[in-house]
Amino acid sequence: PVPSESEVDEKIRLAKLAMEGPERTARREQHEKESTVKTRQTEIKIELDNLAQQKEELELAWIQLDANRTAVKNLINPILEKENQQEQTETALEEQEKSTVTARDKEAIEKKRQVAELARQAIEKEKWIYQDRLFKIEDKIKDNTNAYQKLLDAEEKFLKESERLSQELI
């Protein structure tokens, strides 16, 4: 019967051990271990460099998204002020209508209030457009932050592995 590949490998390993002697075997195994660890350390460094690049891209994207968020908030603020003023105008007209006695005066005030309400609704529609933009930006920021956290987790894993490998060489 032909021996299997694993059987041949095991016989070669045993032959090396018998011919090298214990001192050379220990040196060879230490050298192989150091070589394996150094190779893995190099792979980890490449991974860490890649993670650093990805993190920087997310950091730059976050800066841009935050600037966009601030710009949209600055656009919304005057709209919110207009909306608040319009609501105050409506409230004042409603109060004036309650205290008005004649039907003619009430009708005139009601027409003014309806005009004010339509103006407020138009302002709200404009506000919603910017709020939708803001929500989309904030969703992107959240996604960006989640991706960044995953990169940090991966980075931490590689750093721990690198430290463990360094300890193995000591």
Side-chain angles (χ1 to χ4, degrees), residues 6 32-170:
S6 63
E32 288 173 355
K33 182 177 181 180
E34 287 174 2
S35 178
T36 302
V37 166
K38 286 178 182 175
T39 299
R40 183 61 186 143
Q41 290 280 34
T42 302
E43 292 169 353
I44 289 172
K45 183 184 180 327
I46 291 168
E47 289 293 335
L48 289 172
D49 290 346
N50 183 26
L51 289 172
Q53 182 180 357
Q54 290 178 49
K55 282 173 37 185
E56 183 177 353
E57 290 171 8
L58 289 173
E59 290 160 357
L60 294 172
W62 187 91
I63 290 168
Q64 184 61 48
L65 289 168
D66 188 54
N68 292 348
R69 176 174 52 186
T70 301
V72 171
K73 282 182 177 179
N74 289 338
L75 292 172
I76 288 177
N77 287 336
I79 296 170
L80 293 175
E81 289 174 21
K82 283 196 291 186
E83 181 184 34
N84 188 33
Q85 290 171 351
Q86 207 59 39
E87 287 173 349
Q88 289 175 0
T89 300
E90 279 183 65
T91 302
L93 287 170
E94 287 170 359
E95 292 302 316
Q96 188 179 2
E97 185 180 9
K98 288 178 188 174
S99 62
T100 303
V101 178
T102 67
R104 181 177 296 191
D105 291 342
K106 280 189 178 196
E107 183 180 334
I109 293 171
E110 175 63 21
K111 285 180 182 177
K112 286 182 188 176
R113 192 191 60 72
Q114 287 175 351
V115 169
E117 185 177 341
L118 289 173
R120 180 184 50 78
Q121 288 174 353
I123 293 168
E124 281 179 344
K125 285 179 183 174
E126 183 181 10
K127 176 185 78 171
W128 294 337
I129 291 169
Y130 290 109
Q131 279 183 330
D132 285 344
R133 287 183 192 168
L134 187 61
F135 294 150
K136 287 177 184 171
I137 291 169
E138 287 174 347
D139 286 345
K140 287 179 184 175
I141 288 173
K142 185 178 178 183
D143 292 344
N144 184 308
T145 301
N146 290 337
Y148 194 85
Q149 293 292 323
K150 287 179 182 174
L151 292 176
L152 289 175
D153 291 343
E155 182 180 55
E156 186 176 340
K157 183 187 95 180
F158 283 124
L159 289 172
K160 284 180 180 177
E161 181 181 357
S162 178
E163 186 158 328
R164 181 186 55 77
L165 290 170
S166 295
Q167 291 298 318
E168 284 183 16
L169 290 179
I170 295 175

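- Listed by chain and number, the residues in a side-chain contact (heavy atoms from CB on, under 4.5 Å) with I46 are T42 (sequence neighbours excluded).
- With contacts defined as side-chain heavy-atom distances shorter than 4.5 Å, the pair E126/E83 does not qualify.
- Atoms CZ and CG, from R164 and L159 in turn, are 13.0 Å apart once rounded to the nearest 0.5 Å.
- A distance of 5.0 Å separates CG in N68 from CD1 in I137, rounded to the nearest 0.5 Å.
- Using a 4.0 Å cut-off between a side-chain N of Lys or Arg and a carboxylate O of Asp or Glu, E117 and R113 qualify as a salt bridge.
- When the salt bridge (Lys or Arg N to Asp or Glu O under 4.0 Å) test is applied to E155, the partners found at least two apart in sequence or on another chain are K55.
- Scanning for side-chain contact (heavy atoms from CB on, under 4.5 Å) contacts around N74 gives T70, N77, with sequence neighbours left out.
- With no hydrogens or angles considered, no side-chain donor-acceptor pair links T102 and E107 at under 3.5 Å.
- Between I79 atom CD1 and I129 atom CD1 the span is 8.5 Å, to the nearest 0.5 Å.
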Checklist entry - Is there a side chain to side chain contact (heavy atoms under 4.5 Å, CB included) between L48 and K45 once you walk through the steps? => result CA-CA 5 Å; L48 289 172; K45 183 184 180 327; 5.6 Å; no
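- Annotation: salt bridge (Lys or Arg N to Asp or Glu O under 4.0 Å) contacts of E59 (sequence neighbours excluded): none.
- Within the 3.5 Å criterion, the main-chain N or O of L58 finds a donor-acceptor partner in the side chain of N144.
- Atom CZ of R104 has 12 or fewer neighbouring heavy atoms from other residues, nucleotides or ligands inside a 6.0 Å radius.
- A pairwise comparison of heavy atoms in A116 and T89 identifies CB-CG2, 4.3 Å as the closest pair.
- The line from CG of L93 to CD1 of I109 is 7.0 Å long, rounded to the nearest 0.5 Å.
- A side-chain donor from one of Q54 and N50 sits under 3.5 Å from a side-chain acceptor of the other.
- Across V72 and Y130, no two heavy atoms sit closer than the pair CG1-O, 3.4 Å.
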| Given the rule in the side chain to side chain contact (heavy atoms under 4.5 Å, CB included) test, do K73 and R69 qualify, once you have shown the distances and angles that lead to the verdict? | CA-CA 6 Å; K73 282 182 177 179; R69 176 174 52 186; 4.0 Å; yes
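- Contact check on K127 versus E124 returns no salt bridge, with no Lys/Arg side-chain nitrogen under 4.0 Å from an Asp/Glu carboxylate oxygen.
- The shortest non-hydrogen separation linking L65 to I141 is CB-CG1, 3.6 Å.
- Across every non-hydrogen atom of F158 and I44, the tightest pair is O-CG2, 3.7 Å.
- Annotation: side-chain contact (heavy atoms from CB on, under 4.5 Å) contacts of Q167 (sequence neighbours excluded): I170.
- Under the 4.0 Å criterion applied to side-chain N and carboxylate O atoms, E95 and K98 are assigned as salt-bridge partners.
- Proximity of N84 to Q88: side-chain heavy atoms (C-beta onward) are separated by under 4.5 Å at one or more points.
- Here the straight-line distance linking atom NZ of K157 with atom OG of S162 works out to 13.0 Å at 0.5 Å rounding.
- Enclosure of atom CD in E32 by more than 12 non-hydrogen atoms of other residues, nucleotides or ligands within 6.0 angstrom is indicated.
- Sequence neighbours left out, not one pair with a member in residues 131-140 passes side chain to side chain donor-acceptor pair (under 3.5 Å).
- Between the side chains of Q114 and E110, at least one donor N or O lies within less than 3.5 Å of an accepting N or O.
- Between the CD atom in E168 and the CZ atom in R40 there is a gap of 12.0 Å [rounded to 0.5 Å].
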